[in-house]
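Okay, structure first, notes after.
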Amino acid sequence: NAGVMQNPRHLVRRRGQEARLRCSPMKGHSHVYWYRQLPEEGLKFMVYLQKENIIDESGMPKERFSAEFPKEGPSILRIQQVVRGDSAAYFCASSPQELNTEAFFGQGTRLTVV
Amino acid sequence: AQKVTQAQTEISVVEKEDVTLDCVYETRDTTYYLFWYKQPPSGELVFLIRRNSFDEQNEISGRYSWNFQKSTSSFNFTITASQVVDSAVYFCALRPGNAGGTSYGKLTFGQGTILTVHP
């Protein structure tokens, strides 16, 4: 049973470009969470999604950031018109439908904006 | 609102020393879970422990031990006889015990403590 898979592991974008980060949850998991880790900081919650639904996006910046988790395929975190301040590690976690089961984290995508 | 504070930004020890990482939390929830994660230089997050707010028993796992004290809202982590491979950033985290039965992955993290173990 493969773990949470994130790709790419490293992503370099120039200012103004778009960044797409992918997260494939563990098999059987229908809940996905995205976190951002700015340099030398802890992880901050961004968004919580279930299949085809955004449940909680209270941690998402209001502009340029969006997330989706389609019925088929991975969850995507999309950052439009990236700026240097978007450089960070982005982690995805997934959990199953059953209650009281912990989320498992992927290895993260390190985004560098140059 | 929930908050996790790890007051120690960096700790440096020599191999075989014992080291304790502090974690203090704030929550209004009566039921909650506390976690410790390790982030080695490779960058991934490694789950170490989860503790229920109703269970104040200390836990030991090999060289690792955790001291949960609800009265002081602390969940400290001790590494006995530290090794170079223990060098990493360690995060304490908190989540509600029952967030409508859905948000089991929504954690509040502390800032992390950088532990460096010198040979």
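Lettering follows sequence order; numbering is per chain, from 1. All heavy atoms count here, side chains included; hydrogens, waters and symmetry mates do not. Note that this is a predicted model, so its numbers are computed, not measured.
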Atom [atom1] of [X]: over 12 foreign heavy atoms under 6.0 Å:
X       : atom1 : result
A:Arg9  : CZ    : yes
A:Gln81 : CD    : no
A:Lys51 : NZ    : yes

- Item | chain A contact via B:Ser42 - which portion, at a heavy-atom distance below 4.5 Å |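 Just its backbone gets close to chain A.
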- Would you mind checking which part of B:Gln39 comes under 4.5 Å of any heavy atom in chain A, side chain (CB onward), backbone (N, CA, C, O), both or neither?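 Looking at B:Gln39, just its side chain touches chain A.
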- Say you draw a straight line from CZ of A:Phe105 to CD of B:Glu44; how long is it, rounded to the nearest 0.5 Å?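 These two atoms lie 13.0 Å from each other.
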- Message: Looking at chain A, which one of B:Phe91, B:Phe47, B:Tyr37, B:Phe109 has the largest number of heavy-atom pairs inside 4.5 Å, strictly under?
- Response: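 Max contact count across the listed options: B:Phe109.
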- Mind checking whether A:Tyr35 and B:Leu107 have side chains closer than 4.5 Å, heavy atoms only?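 Yes, their side chains come closer than 4.5 Å.
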- Message: Quick check on A:Gln6 against chain B: is it the side chain, the backbone, both or neither that has a heavy atom closer than 4.5 Å?
- Response: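 Neither part.
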- Message: Do B:Val24 and B:Phe35 sit in one hydrophobic cluster, given that two such residues count as connected whenever their side-chain heavy atoms are within less than 4.5 Å of each other, even indirectly?
- Response: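 No.
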- Are A:Met46 and A:Val83 grouped together when hydrophobic residues (ILVMFWY) are joined by side-chain heavy atoms under 4.5 angstrom apart?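 No; A:Val83 is not reachable from A:Met46 via cluster members.
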